[in-house]
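Below, read A as the first sequence line, B as the second, and so on, with proteins coming before strands; counting in each chain starts at 1.
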Amino acid sequence: MEFDDDLPIYSIGVASKILKVHPRTLRIYEAEGLILPPRRGGKRLYSKNDLVRIECLRKLIHEENLSIPGIKKLLEFTPCWKLKECSPEKRKKCRELSGKKRKCWEFSQRTCEKSCQNCEVYLKEN
DNA sequence: ATTCTCACA
DNA sequence: TGTGAGTA
């Protein structure tokens with residue numbers, strides 16, 4: 001099943017082991033707002049897609065020589081409807097609802113190549 | 001046993 | 001980025 005990929009199931013310990021990165025690094029990514037792992041009982045839980053996103057971050061940092069602030073800049077200049085596969089109609093609603101509350105990329109979590117349905121999720125939540 | 005936050009010889 | 005302290 002594919003929708004399982006968004007289920008938060010990995011603890012930071014498991015995630016860091018799979019990704020072979022220091023847990024501290026993962027916490028830093030979150031503090032920088034590059035990844036938004038939901039928490040349960042104060043514990044971060046990463047989904048399969050989160051792991052993919054993190055792999056993307058590390059690829060950008062190491063292979064593309066981008067810094068954390070650099071990536072944040074990149075995201076700021078990349079509207080969410082370019083990151084995701086949003087229909088013009090959906091896009092319109094999205095902008096009406098989001099307004100100036102949050103920056104696009106703050107809720108447009110997605111992987112490098114695959115899109116997600118956060119748009120719909122966001123619409124439901126509001 | 002694990003994770004969390006904070007701070008740094 | 002990594003590591004240790006003190007908690008929860």
Side-chain angles (χ1 to χ4, degrees):
Chain A
M1 324 307 199
E2 36 188 288
F3 52 83
D4 288 331
D5 294 354
D6 280 314
L7 295 180
I9 50 181
Y10 303 108
S11 66
I12 192 172
V14 175
S16 63
K17 186 153 296 184
I18 294 176
L19 296 168
K20 296 193 296 291
V21 297
H22 197 104
R24 183 77 209 298
T25 306
L26 296 182
R27 296 188 178 110
I28 291 176
Y29 289 163
E30 182 191 4
E32 297 288 355
L34 296 180
I35 193 72
L36 318 171
R39 299 198 181 193
R40 209 172 53 192
K43 271 75 176 167
R44 282 171 257 254
L45 289 181
Y46 297 84
S47 68
K48 228 159 192 174
N49 282 334
D50 285 331
L51 300 188
V52 177
R53 295 186 190 107
I54 295 172
E55 287 180 328
C56 288
L57 294 177
R58 297 192 68 72
K59 183 175 182 179
L60 289 177
I61 294 175
H62 295 100
E63 295 182 29
E64 304 299 331
N65 295 312
L66 285 177
S67 62
I68 304 295
I71 295 178
K72 294 172 75 173
K73 281 292 182 185
L74 186 62
L75 271 327
E76 287 182 38
F77 281 106
T78 308
C80 59
W81 55 87
K82 293 284 287 184
L83 300 175
K84 304 184 297 184
E85 293 175 3
C86 275
S87 66
E89 185 174 325
K90 228 188 266 181
R91 185 189 314 165
K92 184 184 174 189
K93 292 182 180 177
C94 238
R95 283 192 286 187
E96 290 175 356
L97 292 174
S98 60
K100 320 76 191 162
K101 296 193 298 186
R102 322 183 225 172
K103 294 176 182 176
C104 266
W105 56 271
E106 288 183 342
F107 57 87
S108 63
Q109 295 277 317
R110 83 287 169 264
T111 64
C112 276
E113 61 290 292
K114 288 270 66 178
S115 63
C116 65
Q117 54 280 30
N118 276 356
C119 240
E120 293 160 358
V121 175
Y122 185 76
L123 288 174
K124 288 178 183 175
E125 292 178 345
N126 294 272

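If you check B:dT2 for Watson-Crick or wobble pairing at under 3.5 angstrom, you find it paired to C:dA8. Pair check for C:dG2 finds B:dC8; Watson-Crick or G-U wobble, both atom distances under 3.5 Å.
Rounded to an integer number of Å, the gap from CZ of A:Arg24 to P of B:dC4 is 12 Å. Between the P atom of C:dT1 and the NZ atom of A:Lys20 lies a distance of 15 Å, rounded to the nearest Å. With rounding to whole Å, A:Lys43 atom NZ is found 11 Å from C:dA8 atom P. If you take CZ of A:Arg40 and P of B:dC4, they are 13 Å apart, rounded to a whole angstrom. In this structure, CD of A:Glu30 is placed 11 Å from C1' of B:dC4, rounded to the nearest angstrom. What separates CD1 of A:Ile12 from P of C:dT3 is a distance of 14 Å, to the nearest Å.
Note: the hydrophobic cluster containing A:Ile35 also contains A:Ile18 (ILVMFWY, side chain heavy atoms under 4.5 Å, direct or indirect links). At a threshold of 4.5 Å between side-chain heavy atoms, the hydrophobic network of Ile, Leu, Val, Met, Phe, Trp and Tyr places A:Ile9 and A:Leu51 in one connected group.
Residue-level contact check: A:Arg39 touches the backbone only, with heavy atoms under 4.0 Å from sugar-phosphate atoms and none from bases. Using a 4.0 Å heavy-atom distance criterion, A:Arg44 is classed as a sugar-phosphate-only contact.
Residue A:Ile28 places its side chain closer to C:dT1 than to any other of C:dT1, B:dC4, C:dT3. Listed candidates were B:dT3, C:dT3, C:dT1. Nearest to the side chain of A:His22 is C:dT3.
In this model, no donor atom of one side chain and acceptor atom of the other lie less than 3.5 Å apart for A:Tyr46 and A:Arg53.
Look at A:Ser11 and you won't find any side-chain N or O under 4.0 angstrom from OP1 or OP2 of B:dT2. Regarding contacts with the backbone of C:dT1, a side-chain N or O of A:Arg58 is found under 4.0 angstrom from either OP1 or OP2.
Scanning both residues, A:Leu45 and A:Pro37, for their nearest heavy atoms gives O-CB, 3.7 Å.
Distance check: A:Ser67 OG to A:Ile61 CD1 gives 8.0 Å after rounding to the nearest 0.5 Å.
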